[in-house]
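Got a structure for you, written out below as structure tokens; questions coming shortly.
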Amino acid sequence: MPAVTVLRPGMLTTIQDLGRWGQQHLGVPVAGPMDWYSHRLANAIVGNPADAAALEITLLGPELSSDAEILCAITGAEFEVTAGGRPVRPCEPFTLGAGERLRFVSRIAGSRATLAVAGGFTVPQVFGSRSTSLTSRLGPFGGRALRTGDVLPFGRTAGAPARRRGRPIPLPRGGARVRVMLGPHENWFTEQAKQLIERGRYVVTPDSNRMGYRLDGPRLEHAQLHDLLSDATPEGSIQVPGSGCPILLMADRQTTGGYPRIATVITADLPVAGQLAPGDWIEFEACSRSVAIEALRRREEALRGSAA
Amino acid sequence: VTADFQIRAAGDSALIVDLPARLDVPTSARVIAMAEAVRRRFGTSVRDAVVGYHTLTVYFDALAVDARWLEEELSEIAADPSALAETPGAAIEVPVCYGGDLGPDLEEVAVRVGCTPDEVVQIHASREYRVFVVGFVPGFAYMGPVDPRLALPRRSSPRTHVPAGSVAIAAGQTGIYPMETPGGWHLIGRTPVRPFDESRVEPVLFRPGDRVRFRGMTRREFEEALD
């Protein structure tokens, strides 16, 4: 089977598909990409199904080689990249020749790039998914980030590359404003906290990862102090422990938690949140369900794009 | 009749059926029965149905499923007592080697609740527990209720490494750490039973609604069981 070899892993490179759904009631986390939009866009460009496994590349990119010619696409965070020494343009298909090196040099914008290869990475599935959950050590390579020497087999059964080219996700430059739906526990907070979540500016602290972002900014006070009995924690939940410092739960969150959640980032804006890096700012803007659904429809249209 | 539940949105892709906040068996049985009814009625068109103590969270694809329609369907399920026959859970026995270096908090627990270590063990092993929720990490079962004589809050500073198989109590609950993780519960023993084992046909041992009993085992039996 043809394969890609990891020559340098970069800071944190993991294999992800669209997540391990259907097992959260057993405590098995979803994981999946931090930027679902760029994951799907990269797969579409090389002709893969949306849920084919691709690489999620964080802040410092890897160096890879392939033992067979392969069609690739890189979406999401913008890096300076070369394939066999030739510059690679973001969000466009390119070929990596057998024995050539794919090198991520410097990062220009965003925090996470997706690398898809035609046929997808065909590492074994765990619980029906190829996503890496670092928090529960589940998935390819025992649920760890890739290391030098790892060999990633890829398939030979891609469809035709997309004729229409989807638009890239807008990358945050220093920070981003994301939309939230209030709740589910907004009434556990003071009126002041409910206003602050919309007016305050927060900073993504260095103590942030695929599980969640710890945010620094105005404290959000609980109106009632009793503990919440653990329940499910969707991606995008903004949970607030007793300290008042919010935590934005991201792709590799645990399935359940016991802190009140003041608001939830809408699905359409999760990819933007996923492109933030430590030090970036984030602001929240409350919206209705209908605005959230309309925004998601727009993302789908952008993904389908216009004729190439 | 006024409904005793609320349906809340958790973002655009999840709805929560929220029953009155109680940690008791009838509430838990109702949540589990609702989860079963949701799986029967919607199959794979819901992505996940996650059981909490008094909540059921239903995940769906926001473009494929109309949330207002789903909300009505969930209200119907939550309000219909005939749909709420919980399938009885499995009865599972868990051997535990209590105390010593395998249960490093046993003595402190005994001091804090005002009895002997043997009495703590006897109280812990003398009742059947219900699995209320499975979460935190794969296979971690939140079981209870624990005898009020052993009531203790979580440790003030959580451990960064709790060994796999540790049997612990806190906040009226008991559980087994399926893998080495950080943890804030009091460790009173260890079991050779693996709540999560990827190599098993059924990797996850406990499900919400299961009934669990603990029984003491010697250090030697524990070590033999590990081999």
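Here the structure is a predicted model, which means the values were calculated and not measured.
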Quiz item: Looking at the rings of A:Tyr259 and A:His222, which for Trp means the six-membered one, are their centres under 6.0 Å apart?
Solution: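 Not under 6.0 Å, so no.
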Exercise. Heavy-atom pairs under 4.5 Å with chain A are the metric here; pick the option from B:Asp12, B:Val50, B:Thr57 that has the most.
Key: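 It is B:Asp12.
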Quiz item: chain A heavy atoms under 4.5 Å from B:Leu23: which part of the residue, side chain, backbone, both or neither?
Solution: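 For B:Leu23, backbone and side chain are both near chain A.
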Quiz item: Are more than 12 heavy atoms from other residues, nucleotides or ligands located less than 6.0 Å from atom CZ of A:Arg298?
Solution: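 No, because the 6.0 Å sphere around CZ of A:Arg298 holds 12 heavy atoms or fewer from other groups.
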Practice problem: Please tell me if the side chains of A:Thr114 and A:Glu56 come closer than 4.5 Å, counting only heavy atoms from C-beta onward. | Solution: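 A:Thr114 does not reach A:Glu56 side chain to side chain.
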Quiz item: Which distance, rounded to the nearest 0.5 Å, do you find between the CZ of A:Arg112 and the CE of A:Met34?
Solution: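 The distance works out to 3.5 Å.
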Practice problem: Counting only heavy atoms closer than 4.5 Å, note whether B:Ala62 contacts chain A via side chain, backbone, both or neither. | Solution: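 When you check distances to chain A, atoms from both the backbone and side chain of B:Ala62 fall under 4.5 Å.
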Exercise. Please report the shortest heavy-atom distance between A:Ala286 and A:Leu182, naming the atom on each side.
Key: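 For A:Ala286 and A:Leu182, the tightest heavy-atom pair comes out as CB-CG, 4.3 Å.
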Quiz item: chain A: which of B:Phe196, B:Tyr53, B:Phe206 shares the most heavy-atom pairs with it under 4.5 Å?
Solution: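 The option with the most such pairs is B:Tyr53.
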Quiz item: Rounded to the nearest 0.5 Å, how far apart are CG of A:Asp51 and CG of A:Leu18?
Solution: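 Between atom CG of A:Asp51 and atom CG of A:Leu18 there are 5.5 Å.
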Exercise. Please determine, among A:Arg297, A:Glu300, A:His25, the option with the most heavy-atom pairs under 4.5 Å with chain B.
Key: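 Heavy-atom pairs under 4.5 Å are most numerous for A:His25.
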Practice problem: Verify whether the ring centers belonging to B:Trp185 and B:Phe140 lie closer than 6.0 Å. | Solution: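 That pair passes the under 6.0 Å test.
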Quiz item: Between B:Ala171, B:Ala141, B:Ala9, which has the largest tally of heavy atom pairs under 4.5 Å with chain A?
Solution: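 The option with the most such pairs is B:Ala9.
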Practice problem: Please state whether the side chain, the backbone, both or neither of A:Gln23 comes within less than 4.5 Å of a heavy atom of chain B. | Solution: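 Interface part for A:Gln23: backbone (N, CA, C, O).
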Quiz item: Quick check, are the ring centers of B:Tyr142 and B:Phe132 under 6.0 angstrom apart?
Solution: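 For B:Tyr142 and B:Phe132, the ring centres are not under 6.0 Å apart.
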Quiz prompt | Side chain / backbone / both / neither for A:Ser237 at chain B, heavy atoms under 4.5 Å | solution =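 Contact with chain B is absent: no heavy atom of A:Ser237 under 4.5 Å.
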Quiz item: Any idea which of A:Ile293, A:Thr256, A:Thr233 has the most non-hydrogen atom pairs under 4.5 angstrom with chain B?
Solution: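 Most heavy-atom pairs under 4.5 Å with chain B: A:Thr256.
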Quiz prompt | Residue part contacting chain A, namely of B:Tyr59, when any heavy atom lies under 4.5 Å | solution =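 It is the side chain, since no backbone atom gets that close.
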Quiz item: Does any heavy atom of chain A fall under 4.5 Å from the side chain of B:Leu15, the backbone, both, or neither of them?
Solution: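 Contact with chain A: side chain only.
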Self-check item: Between B:His54, B:Arg68, B:Arg207, the one whose heavy-atom pairs under 4.5 Å with chain A are most numerous
Solution: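 Among the listed options, the one with the most contacts to chain A is B:Arg207.
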Exercise. Counting only heavy atoms closer than 4.5 Å, note whether A:Val265 contacts chain B via side chain, backbone, both or neither.
Key: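 Neither the backbone nor the side chain of A:Val265 comes within 4.5 Å of chain B.
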Quiz item: Tell me, side chain or backbone of A:Arg261 under 4.5 Å from chain B's heavy atoms, or both, or neither?
Solution: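 Interface part for A:Arg261: side chain.
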Self-check item: Close side-chain approach of A:Tyr213 to A:Ile247, heavy-atom, < 4.5 Å
Solution: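 Not in contact.
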Quiz item: Under 3.5 Å, is there a donor-acceptor pair linking the side chains of A:Asp35 and A:His39?
Solution: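 Short answer, no.
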Self-check item: Choice from A:Gly257, A:Pro234, A:Ser133, A:Gly236 maximising heavy atom contacts with chain B below 4.5 Å
Solution: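 Looking at each option in turn, the highest pair count goes to A:Pro234.
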